[in-house]
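Following: one structure in structure tokens, then a few remarks.
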Amino acid sequence: MDTTETPLPEPKEGLSESPEQGTFYATTPIFYVNAEPHIGHAYTTILVDVVTRFHRLKGNDTYFLTGTDEHGEKVAKAAAAAGRTPQQYVDTISAQFRNTWNQMGIGYDEFIRTTEERHKLVVQEILQRVYDNGDIFYGEYSGLYCVGAERFVTEKELVDGKCPDSDQPPEYRSEANYFFRMENYRPWLRETIGRNPDLIRPDRYRNEVLAILREPIGDLSISRPASRVPWGIPLPWDEDHVCYVWFDALINYYSALKSQGLEGRYWPAVNHFIAKDIVKPHGVFWPTMLKAAGLPLYKHLNVHGYWLTGEQKMSKSLGNVVRPLSLQQKYGNDAFRYYLLRDMTFGLDANFGELALAERINSDLANDLGNLLNRTLGMVGRYRRGIVPAAGTLEPVDEQFIAHQTELPERVGRAFERVQFDRAMEAILDGVRATNRYISDTEPWQLAKAEESASRLDTVLNTAVEALRCASILLDPVMPAKMSELREQLGIDQIPFTLGHAAQWGLVPPGTVTRPGEPLFPRIDLKALETELSAPEEPPLKHKDEIIIDEFAKLELRVATVLSAEPHPDADKLLVLKVKLGPEERTVVAGIRQHYQPEELVGKRIVIVANLKPAKLRGVNSQGMILAAEDAEGRLAVVTFDRDMRDGSVVR
Ligand code: MSP
């Protein structure tokens, strides 16, 4: 679509107080393509997926954007290190991100790449606009620059001489750049954040931004000389400079909409989700850029902490990354999503542990939820031939229970609104546990014994099925596949569901036929897992120097048939083999006597290094060497063939 046709909207004053009711636009950061996706990236992306699904369940018009950040020195350097052109390199890694999200069932609406033409056009349009307004000037800059974080850092920010974001030492730089008059917008931004307590949340990050704004923030260098960093978007008024990668990247949140004519529908109903590493660009650069471009400010900047492994931030350079796909395959996508939401308090760091993940699955999903489903289906099967009965007259215990359950959507909704996702999960599981208690208290197995309590038993069974229906709705955003399986087993997969339906009771039609199936969340054997995890990791292989194919071709490897094998007369570790290589016969001495009985070898087709210089081994002339493998436990096996092969043939 030609983005130049519709001009940017005219500048509006300040924050749009309340974006269109019922519209929800959520974003992840666009990830750098210098590393493969790991759990940290997966968390933000899964979170946005869950939150968007939750809003869709509420009936909101939702839009979910993710993508990749592909310009800048960091990416250019990574491409060079990989021996590829920047474009080849970014194509590969961007596809890896997209594939990972697809395989994890992430329902993004749009995947934006900053190397796309549609994005470049919007960036250039915004640059031109800010330039025309007089907010960009040309000047000299010198200071400390961190390539890892792609920004200038101040002396004061350094921790042990290193950049606080990337943990890398910055380098001194001095060059002529274009600057954005960011400092001019500082009073406005302070006042705006002051007036909107939940613009940046949780509070600790709001305070962090306010602390930055208490002192001059300076002007932002927004260009790099194209002669030094050619990998970027050219400034529309000066092609010798390219746009600074953060100025380019932040605009993705708007360009993705603008390039499709969706900005009127979703901007500024935007909720950005990021981790604490990129608070400054999102909390300071981006709002001032929007203001200067005459665009309304985002609705919320939601900031989470880090997933740590062994108390350290996961990062490629530390080599402690956890790959999301391997866990998803091992434990199931939905259970993995649940763990990530349940075990991180939004805003704080959390330690990632596979054992904790397994424990969480066992306690909440296999025990509490899985068990509730099984016992309910079991009792409906046993006592009512698998057919859900209508409820009889409600007693106070039922009414109390139902009141508690129908309040849950409200509680969960509030937790979502306050970005307290662990509490939202806990509230739902609280409802599940209350249902298990309700069943224990009402003792349906006792009711089943007497004919006169039949109606009471109907009520209890019906109530349990209703509670499961509601729980399946509330958990649907986080575990969509498993909850749809759960509804199938209950026989209610055809009943429409929205968040509103989770607050209503009595929607399961009496007479519904249940279809019990496999357990939703099989229990994980924690003992076995502990043993697996405590097994020492295999040490990395020590490789020899690389060789080229011509060097390998110098080896003459041939198939040989063992004609006879005898112990060496003077050495107890050696066997003397007579072997046949087509028309030739040879004697080969091999150090395999402790591993093979001589007669085991006769008739075997093995591999000989046929051009090895003959050598005398304890008085016997050896005309070649046989190939064998030895493992760390000292076991040895001779290389043989998996089908018949004529001796003398070349092995390559
Ligand atoms: N390209 C920039 C963002 C530009 S947005 C306009 C960038 N990319 S990144 O690949 O480094 O991604 C950073 C983001 O990845 C974090 O903000 C967070 O969303 C996610 N995470 C990366 N490591 C993480 C953890 N260890 N823990 C939690 N999330 C982390 O910055």
Side-chain angles (χ1 to χ4, degrees), residues 26-49 51 65-75 78 90 93-94 96-97 100-101 106 111-115 119 122-123 126 146-151 163-168 205 232 243-256 270-287 289-290 298 301-324 340-341 343-352 421:
T27 68
T28 70
I30 46 170
F31 301 109
Y32 284 133
V33 287
N34 64 337
E36 292 165 42
H38 61 65
I39 281 219
H41 307 120
Y43 173 70
T44 320
T45 311
I46 287 171
L47 184 67
V48 174
D49 188 62
V51 177
L65 175 72
T66 187
T68 42
D69 187 354
E70 307 188 2
H71 289 125
E73 290 183 60
K74 185 161 152 164
V75 171
V90 299
I93 310 237
S94 176
Q96 268 179 25
F97 272 93
T100 302
W101 304 152
I106 302 292
F111 190 101
I112 181 115
R113 302 183 53 190
T114 54
T115 49
H119 171 72
V122 178
V123 170
I126 288 185
C146 171
V147 177
E150 296 275 22
R151 68 177 181 88
C163 161
D165 297 350
S166 70
D167 208 25
Q168 293 169 16
Y205 301 108
C243 181
Y244 165 50
V245 62
W246 268 107
F247 200 96
D248 152 6
L250 287 160
I251 293 174
N252 91 86
Y253 300 132
Y254 186 72
S255 71
V270 54
N271 265 269
H272 295 309
F273 288 83
I274 60 167
K276 63 185 184 183
D277 50 345
I278 48 180
V279 167
K280 188 171 177 186
H282 285 80
V284 178
F285 304 174
W286 184 221
M289 283 166 62
L290 284 168
Y298 49 73
L301 177 63
N302 306 294
V303 186
H304 62 77
Y306 291 148
W307 280 100
L308 309 173
T309 42
E311 311 292 332
Q312 277 183 309
K313 187 192 176 195
M314 238 172 257
S315 83
K316 190 188 169 196
S317 50
L318 290 173
N320 63 347
V321 297
V322 180
R323 298 211 157 65
L340 290 180
L341 263 85
D343 276 33
M344 176 176 261
T345 297
F346 195 83
L348 303 181
D349 293 348
N351 227 325
F352 180 84
F421 305 106

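Here, residue 1 is the first one in the sequence, and each next residue gets the next number. For ligands, and for the atoms within them, numbers begin at 1 and follow the listed sequence.
Residue Tyr43 forms a ring-ring contact (aromatic ring centres under 6.0 Å, His included) with just one option from Trp307, Tyr306, Phe273, and that option is Trp307.
Residue contact check for ligand 1: His304 places a non-hydrogen atom closer than 4.0 Å to it. Not close to ligand 1: Trp286, with no non-hydrogen atom less than 4.0 angstrom away. For Gly305, the closest heavy-atom approach to ligand 1 falls below 4.0 Å.
Note on Glu150 versus Lys74: no salt bridge recorded, every NZ/NE/NH1/NH2 to OD/OE distance being 4.0 Å or above. Taking 4.0 Å as the cut-off between side-chain N and carboxylate O, Arg151 and Asp165 count as a salt-bridged pair.
Residues His119 and Ser255 come closest through the heavy atom pair ND1-OG, 2.7 Å.
The aromatic ring centres of Tyr298 and His282 sit 6.0 Å or more apart. Taking the centre of each ring, His304 and Phe421 stay at or above the 6.0 Å mark.
With Phe285 as the aromatic partner, Lys280 does not meet the cation-pi criteria of under 6.0 angstrom to the ring centre and within 45 degrees of the ring axis.
The proximity of Leu308 to ligand 1, defined as any non-hydrogen pair under 4.0 Å, does not occur for either the backbone or the side chain. Residue-level proximity to ligand 1 for Tyr43 is absent, since no heavy atom of it falls below 4.0 angstrom. If you look at Lys276 next to ligand 1, there are no close heavy atoms at all, none under 4.0 Å.
For a threshold of 3.5 Å applied to N or O pairs, the pair formed by Tyr32 and ligand 1 contains at least one separation below that value. In terms of polar-atom proximity, defined here as any N/O pair under 3.5 Å, Asn252 makes no such contact with ligand 1.
Among Tyr253, Phe352, Phe31, the residue whose heavy atom lies nearest to atom 14 (C) of ligand 1 is Phe31.
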